[in-house]
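Notes to accompany the following structure.
Keep in mind that the numbers below use all heavy atoms, side chains included, and drop hydrogens, waters and symmetry copies. Residue indices begin at 1 and follow the sequence shown.
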Amino acid sequence: MKKRLQDIINKYDDKADECKMILGNTSLAMQTVWNQIARHDSDLNTRISHANTTIALETKRESNQMKSIAILTMVYLPCSSVAAIFSMDLFKWDAQDGESIVSKYIWVFAVFAGGLTAITLAAWYHITHRREKTANDDATEMQSKMV
């Protein structure tokens, strides 16, 4: 009876050791899977980082091109504006003594130019602030999703 009891205890210990081994192997397998997932995530993050770097460099290049266009506009726009004004019939260059060189309708030009400038600036202000508000709302929404 003692021998039978000892055999049962030995079998029980063997089964307990087998269970510990299976548990250890399962734990090792899970760690391997998690490491593989982490490696995949790391590779994906690296590719995203490279894509973002490429986008940033392209944006910088386009920004430099836009700066050069803006500088050219600032150089040529005043000249073309002055040429356009002087080409109008608002000035009489061969005026006689006592006659005004400037037309009495110069106010029409000033009103239209001022009005169109105000409309352009108001539209720019409205569009710019609407885009900023949308960008801020999107950023807030993304931050709330991250938390």
According to a 4.5 Å side-chain heavy-atom criterion applied to Ile, Leu, Val, Met, Phe, Trp and Tyr, with indirect links allowed, do Tyr12 and Ile9 form part of one hydrophobic cluster?
-> no

Hey, quick one: are Ile55 and Ile48 part of the same hydrophobic cluster, counting side-chain heavy atoms closer than 4.5 Å, chains of contacts allowed?
-> no

Verify same cluster id: Met88, Ile101 (apolar side-chain graph, 4.5 Å) = yes

Arg47 meets the salt bridge (charged side-chain N to carboxylate O under 4.0 Å, His left out) criterion, sequence neighbours left out, with none

Joint cluster assignment, Val108 & Val111, ILVMFWY side-chain distance < 4.5 Å = yes

Should Phe112 and Leu121 be regarded as members of a common hydrophobic cluster, given that ILVMFWY residues are connected when their side-chain heavy atoms come within less than 4.5 Å of each other, either directly or indirectly?
-> no

Would you list the pairs meeting side chain to side chain donor-acceptor pair (under 3.5 Å) in which at least one residue belongs to residues 57-86, sequence neighbours left out?
-> Glu58-Arg61

Any sub-3.5 Å donor-acceptor pair from Thr32's side-chain atoms to Leu28's backbone N or O?
-> yes

Looking at OG1 of Thr26 and CD of Gln31, how far apart are the two atoms once the value is rounded to the nearest 0.5 Å?
-> 11.5 Å

Would you say the side-chain atoms of Ser49 pair up with the backbone N or O of Asn45, donor to acceptor, closer than 3.5 Å?
-> no

Could you tell me whether the side chain of Lys3 reaches within less than 4.5 Å of the side chain of Asp7, counting heavy atoms only?
-> yes

What is the distance from atom CD of Gln96 to atom CD of Glu99, rounded to the nearest 0.5 Å?
-> 6.0 Å

